[in-house]
Protein chains: 2
Amino acid sequence: MKNDSLTSTVETIASECLAVRIRLLNRTVTNIFDDALRPLGVKVSQLNVLIVVAKLGPISPGEVSRRLNMEKSTLSRNVDRMRTHDWLKVSEGDSGRKQILEIGSAGRKLIEKSLPFWKKAQVQTEVMLGERGARSIHRAANAVWAQLGRT
Amino acid sequence: MKNDSLTSTVETIASECLAVRIRLLNRTVTNIFDDALRPLGVKVSQLNVLIVVAKLGPISPGEVSRRLNMEKSTLSRNVDRMRTHDWLKVSEGDSGRKQILEIGSAGRKLIEKSLPFWKKAQVQTEVMLGERGARSIHRAANAVWAQLGRT
DNA sequence: ACGATTGTGTTGTATATACAACATAGGAGC
DNA sequence: GCTCCTATGTTGTATATACAACACAATCGT
């Protein structure tokens, strides 16, 4: 019957598509972390940015967005929100255009408080994925970082 | 020095966090697919929904959102947009509250046209992740589906 | 039959994300 | 020094996502 090509396309995409799978993982895991972090009033997306700045800062927004493979405009608005909580501090680079991000004092306190909440979500995710599944994610992410041109 | 607990928390989260990694993968892979599908005017998120409905429909929105672990309100607005393109058809269930989703004729045509564009993105993703990385994603997604209570 | 609970979908609000268009700063080449 | 090109960041717009509150139907318990 003439439906065959439709059916086989549907079957192929449904059973193989990597985007479907990664997006499912993203929704599921983001929910677990946001849930665990809710008492702190921070979302995992914001904690991620904070950790990058804490680890590498002072650092420019452009550099952060490259490392996270995140659009500069996305980061720009994230930074705005985090600034209002004093999680991040933004200053003008010596000469010209570049800005400089550093963690603010509230950001420092937030990170210090966050470990047990983060750990709970991390363990819950590990249990869900299983040990092999969790190591799988690390492997796949390492592959992406390799393509991006590095840590 | 008193910075030690901050530094060690930052190091721990930066080097281990599964959410950071999955979210990076999500941004990267979603971009690859959206890019490849752009000529068709569809986003991978929408194609995903379309494939589920094509494979399992007629099906209710609630059932779709459960299978994708997606909030019902998210799906509700996705369906609205897809309806305006005639990618999806929505009808009222016989008796009462439940709606019924089916693919529309434009949706059928879209799926038929989409295979080569999808394939290109799939291959590009496989190259980026490597064979092991790609299998890793399948493994992790299978673990999530197992927890959700099934295919 | 009736009232309470549950399931289903919509709407308001906030954040995350990307693309396109823009403004502007710094450099490169001449 | 000027012009052009590139890098950097912001703003407008659209979509994806979730949570909270709601409306309403269906069902369950009595």
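Residue numbers begin at 1 in each chain, while the letters A, B, ... track the order of the sequences. Every value quoted in this text rests on a predicted model; they were computed, and no experiment measured them. Computation of the quantities below employed the complete heavy-atom set of this structure, encompassing side-chain atoms and omitting hydrogens, waters and symmetry-equivalent molecules.
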Margin query: Between C1' on dT15(C) and CZ on Arg38(A), what's the gap in Å once rounded to a whole number?
Written below: 12 Å
Item checked: Contact nearer the 5' end of DNA chain D, comparing Asn31(A) with Pro61(A) -> Pro61(A)
Next item on the list: Kindly point out which of dT10(C), dT15(D), dA18(C) is positioned nearest to the side chain of Gln46(B)?
Entry: dT15(D)
Check: What integer distance in Å separates Phe33(B):CZ from dA18(C):C1'?
Finding: 17 Å
Margin query: Would you compute the distance between atom CE of Met70(A) and atom OG of Ser76(A) and round it to the nearest 0.5 angstrom?
Written below: 12.0 Å
Next item on the list: Calculate the interatomic distance between Arg83(B) atom CZ and dG9(C) atom P; express it in whole Å.
Entry: 12 Å
Next item on the list: Taking only the side-chain nitrogens and oxygens of Arg81(A), find out if one of them lies under 4.0 Å from OP1 or OP2 of dA16(C).
Entry: yes
Next item on the list: For Ile32(B) and dA18(C), give me the distance from atom CD1 to atom P, rounded to whole Å.
Entry: 12 Å
Check: In whole angstroms, how far is the P atom of dT8(D) from the CD1 atom of Ile59(A)?
Finding: 12 Å
Notebook entry, point to check: What's the closest nucleotide to the Ser45(B) side chain, out of dT17(D), dA16(D), dT10(D)?
Noted result: dA16(D)
Notebook entry, point to check: Is the phosphate of dA18(C), meaning OP1 or OP2, less than 4.0 Å from a side-chain N or O of Ser73(A)?
Noted result: no
Note to self: Check this for me: does the side-chain of Arg66(B) come within 3.5 Å of the base of dG7(C) through a donor and an acceptor?
What the structure shows: no
Notebook entry, point to check: Could you walk me through whether Ile137(B) and Leu25(B) pass the side chain to side chain contact (heavy atoms under 4.5 Å, CB included) check?
Noted result: CA-CA 10 Å; Ile137(B) 295 300; Leu25(B) 286 162; 4.2 Å; yes
Check: Looking at Ser76(A), does any N or O in its side chain come under 4.0 Å of the phosphate oxygens OP1/OP2 on dG9(D)?
Finding: no
Note to self: I want to verify a distance call: between dA20(D), dT10(D), dA18(C), whose nearest atom is closest to the Met70(A) side chain?
What the structure shows: dA18(C)
Check: Which nucleotide, dA16(C), dC19(C), dC19(D), lies nearest any side-chain atom of Thr74(A)?
Finding: dA16(C)
Check: Which residue lies toward the 5' end of DNA chain D, Asp80(A) or Lys43(A), if each is placed at its nearest nucleotide?
Finding: Asp80(A)
Check: Nearest to the side chain of Lys72(B) - dT11(D), dA16(D), dG9(C)?
Finding: dG9(C)
Next item on the list: Please determine if Arg66(A) and Glu63(A) form a salt bridge, counting it only when a charged side-chain N lies under 4.0 Å from a carboxylate O.
Entry: yes
Checklist line | Whole angstrom value for the distance that separates C1' of dA16(D) from CG of Leu75(B) | finding: 11 Å
Next item on the list: Just compare dT17(C), dT8(C), dT10(D) and give me whichever is closest to any side-chain atom of Lys98(B).
Entry: dT8(C)
Check: Charged N to carboxylate O under 4.0 angstrom, Asp35(B) versus Arg38(B)?
Finding: yes
Notebook entry, point to check: Does a side-chain N-to-carboxylate-O contact under 4.0 Å join Arg108(A) and Glu112(A)?
Noted result: no
Note to self: Please classify the nucleic acid contact of Asp34(A) as base, sugar-phosphate, or nothing, using heavy-atom distances under 4.0 Å.
What the structure shows: nothing
Check: Are Arg23(B) and dT17(C) close enough that a side-chain N or O sits under 4.0 Å from OP1 or OP2?
Finding: yes
Item checked: Distance test, side-chain N/O of Arg77(B) to OP1/OP2 of dA14(D), below 4.0 Å -> no
Margin query: Are Val123(B) and Ile22(A) connected into the same hydrophobic cluster when the rule is that any two of I, L, V, M, F, W, Y join if their side-chain heavy atoms are below 4.5 Å apart?
Written below: no
Margin query: Can you measure Glu71(A) atom CD to dA18(C) atom C1' for me and round it to whole angstrom units?
Written below: 6 Å
Checklist line | Rounded interatomic separation in angstrom, taking NE2 from His85(A) and C1' from dA14(C) | finding: 11 Å
Next item on the list: Respond yes when some side-chain nitrogen or oxygen of Asn26(A) is under 4.0 Å from OP1 or OP2 of dT17(D), and no when none is.
Entry: no
